[in-house]
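Values below: every heavy atom of this structure, side chains too, minus hydrogens, waters and symmetry copies. Note that ligands are numbered from 1 as they come in the structure, with each ligand's atoms numbered from 1 the same way. Not measured: the values here are computed from a predicted model.
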Amino acid sequence: MAEKRTQRTVLTGNPVSAGAAVAEAFVYKPQKMEIGRIYYDAGKKKEKLDAFHRTVELAKEELTQLAKQFEEENGEQSGIFLAHREMLEDEELISETELAIRDELLEPDSAIEKVFSEFAGLLGQVEDELIAARAADLHDVKKRLQRIYQGRTEKKLSAPGKDVIIIAYDLLPSDTASLDRRHVKGIITEKGGCNSHSAILARSFRIPAVSGVSGAVDKIFDGMYLALDAGKGEVILDPTDEDTKKCLAMCGEERKKRSEEAQYRQRLGIMGDGTKIELGINIGSCTFDALGESYDFVGLFRTEFLYMEKNTLPTEEEQFAAYRKVLLQAEGKPVTLRTLDIGGDKTLPYMELPKEENPFLGIRALRLCFSRPDIFITQLRAALRASVYGELRLMFPMTGGMEDIYRAKAYVKETMKKLDEEQVPYDKNIRTGVMIETPAMSIIADMAAEVVDFASIGSNDLTQYVSAADRMNPEVSSYYQNCSPAMLRLLASVFGAFAKAGKPISVCGEMAGDSGLTALLIGLGARKLSMSASCLSGVKAALSGITIEEAEELAARCSTMRTQDEILQYLYTPKP
Ligand code: PEP
Ligand code: MG
């Protein structure tokens with residue numbers, strides 16, 4: 001338990017999303033994923049059984065309360081709580097848990113883990129979607145019981161109720177996606193790299209964030225007053241008036257900078273010499289907010305967020321409706337739908353993924369889709385059906401070789417054939433492309449360019465794989481170098497290969513939205529950049545200040561340098 005502290009203390013970490021904030025701390029400690037087998041002394045049987053029964057009663061009361069609370073606001077939600085309450089009336093479930101406590105001497109939370117997970121596992125295998133969905137509900141009820149048994153109160157990131165700075169060991173992308181953006185003023189995590197998906201979301205929401213702050217969860221307690229200078233990676237616990245004043249002044253400057261950049265909102269990506277650079281936005285939900293920015297295309301639609309918002313796999317109909325909605329909102333602008341990219345740091349609570357030593361090198365993205373054709377085909381069907389509502393493009397993540405491209409395209413062809421048989425309309429000329437985010441694919445970009453309609457460089461993953469530095473691990477963030485000489489060479493050769501083939505290529509990783517790297521990327525050959533809408537104005541401003549010739553000179557100069565430090569120093573030194 002953290003001690004109340006009254007002395008100013010400074011903790012440091014890695015800047016993830018710039019900005020400042022002053023607010024109270026909200027310490028978020030979600031339950032551990034799984035509780036192992038924990039046994040108790042045989043003499044405590046009655047005590048443990050009583051505790052379990054009390055837990056069940058408390059859970060029922062909590063669920064009844066929740067159902068009542070939501071009755072008026074949201075009938076569907078209310079029904080879910082009632083269904084969860086009903087599960088606690090299930091005699092088999094309860095008596096099996098009692099048995100595990102009584103006969104196996106398992107601690108009640110451990111017995112709940114065992115029995116509820118077993119039941120959920122059985123339900124999960126059933127073909128019927130409705131029954132399978134009950135598996136996720138069982139997990140939910142399981143977590144509630146375990147939380148109550150352990151005496152922890154429920155905390156929700158989606159409703160902190162007042163302005164707060166979130167402190168967490170780590171945040172899952174689904175946690176970050178569900179944050180209450182009005183009240184969350186900052187994020188501090190012990191884990192998570194600068195290019196984790198949570199970090200990307202924090203930046204796109206413009207929430208100041210710092211990662212790699214070791215010991216934050218123990219040193220900071222709920223309600224503690226904090227001043228955060230995320231640009232410097234600094235968190236001040238119990239700040240002085242002077243610290244608070246400084247942070248508030250930074251918040252003011254940030255607002256001013258944003259309002260200055262706002263003059264670029266309605267403009268497009270035009271360089272100083274009139275060259276047009278196509279600018280896209282990256283989106284992660286089916287109702288996206290372009291923040292009033294003009295843009296040319298949706299360069300990356302991260303569809304996995306659709307899968308993460310729910311307790312079950314989205315159905316074909318649900319996906320179709322979501323994709324159509326995006327296409328309609330894009331009003332005819334091309335939308336690049338990236339097929340499911342689950343694995344790595346993105347998991348689905350309702351889907352058992354294989355336990356892997358290195359999930360970023362494992363069954364991720366397209367590899368997962370190939371191992372679960374049912375999931376892949378459902379998504380392709382929904383996307384193809386939606387394609388008649390706009391300019392949809394399909395993009396495959398994590399391709400590692402030509403086999404992956406051939407195989408993904410074969411799935412598309414097969415799905416089209418099936419739709420033809422069913423006489424379902426879709427765009428027969430739909431373009432298909434790949435993400436270039438593995439070293440293998442960038443090295444053979446010329447081969448890929450022959451068979452795809454377009455590509456987009458996923459510089460977040462490409463950097464992690466080229467530099468062999470986990471994008472999630474703050475300990476190796478200095479090795480994670482997106483501007484290393486190796487990356488510059490690779491980027492130039494990929495742009496060159498696509499230019500030679502006359503096929504379009506964009507960058508949709510985080511580099512694309514960093515206005516300090518705009519000139520470099522253009523100089524290396526980029527003509528299309530896609531980023532979070534919150535970065536557009538900055539990039540448009542950077543483009544307006546340079547010509548192609550200047551950008552090429554700058555890139556040529558950087559390409560002779562030996563270290564990333566040298567390159568960054570040159571890029572960030574103001575030029576006369
Ligand atoms: C990337 O890797 O650069 C990318 C855009 O994909 P994601 O960040 O979703 O892995
Ligand atoms: Mg990627």
Is it the side chain (CB and beyond), the backbone, both or neither of [X] that lies under 4.0 Å from ligand 1, heavy atoms counted?
| X | result |
| --- | --- |
| Leu462 | neither |
| Asn282 | neither |
| Arg302 | side chain |
| Met531 | neither |

(message) Using 0.5 Å steps for rounding, measure from the OG1 atom of Thr378 to the CZ atom of Arg381.
(response) 8.0 Å
(message) Would Glu510 count as a contact residue for ligand 1, given that I'm defining contact as a non-hydrogen atom of the residue lying under 4.0 Å from a ligand atom?
(response) no
(message) Using heavy atoms and a 4.0 Å limit, tell me yes or no: is Met398 in contact with ligand 1?
(response) no
(message) Quick check: do Leu568 and Cys483 have side-chain heavy atoms less than 4.5 Å from each other?
(response) yes
Where ligand 1 meets [X] - atom numbers and elements under 4.0 angstrom, heavy-atom basis:
| X | value |
| --- | --- |
| Asp461 | 1 (C), 2 (O), 3 (O), 10 (O) |
| Gly509 | 3 (O), 5 (C) |
| Ile200 | 8 (O) |
| Arg364 | 10 (O) |
| Arg471 | 2 (O), 7 (P), 8 (O), 10 (O) |

(message) Using every non-hydrogen atom in the two residues, find where Ile505 and Lys528 come nearest and quote the distance to one decimal.
(response) O-CB, 3.6 Å
(request) May I ask you to decide if the ring planes of Phe370 and Tyr411 are parallel, tilted or perpendicular, using 30° and 60° as cut-offs? (result) parallel
(message) Do the side chains of Arg557 and Glu553 get close enough for a salt bridge, i.e. N-O under 4.0 angstrom?
(response) no
(request) Say whether Ser459 and Glu510, considering side chains only, have a donor N or O and an acceptor N or O under 3.5 Å apart. (result) no
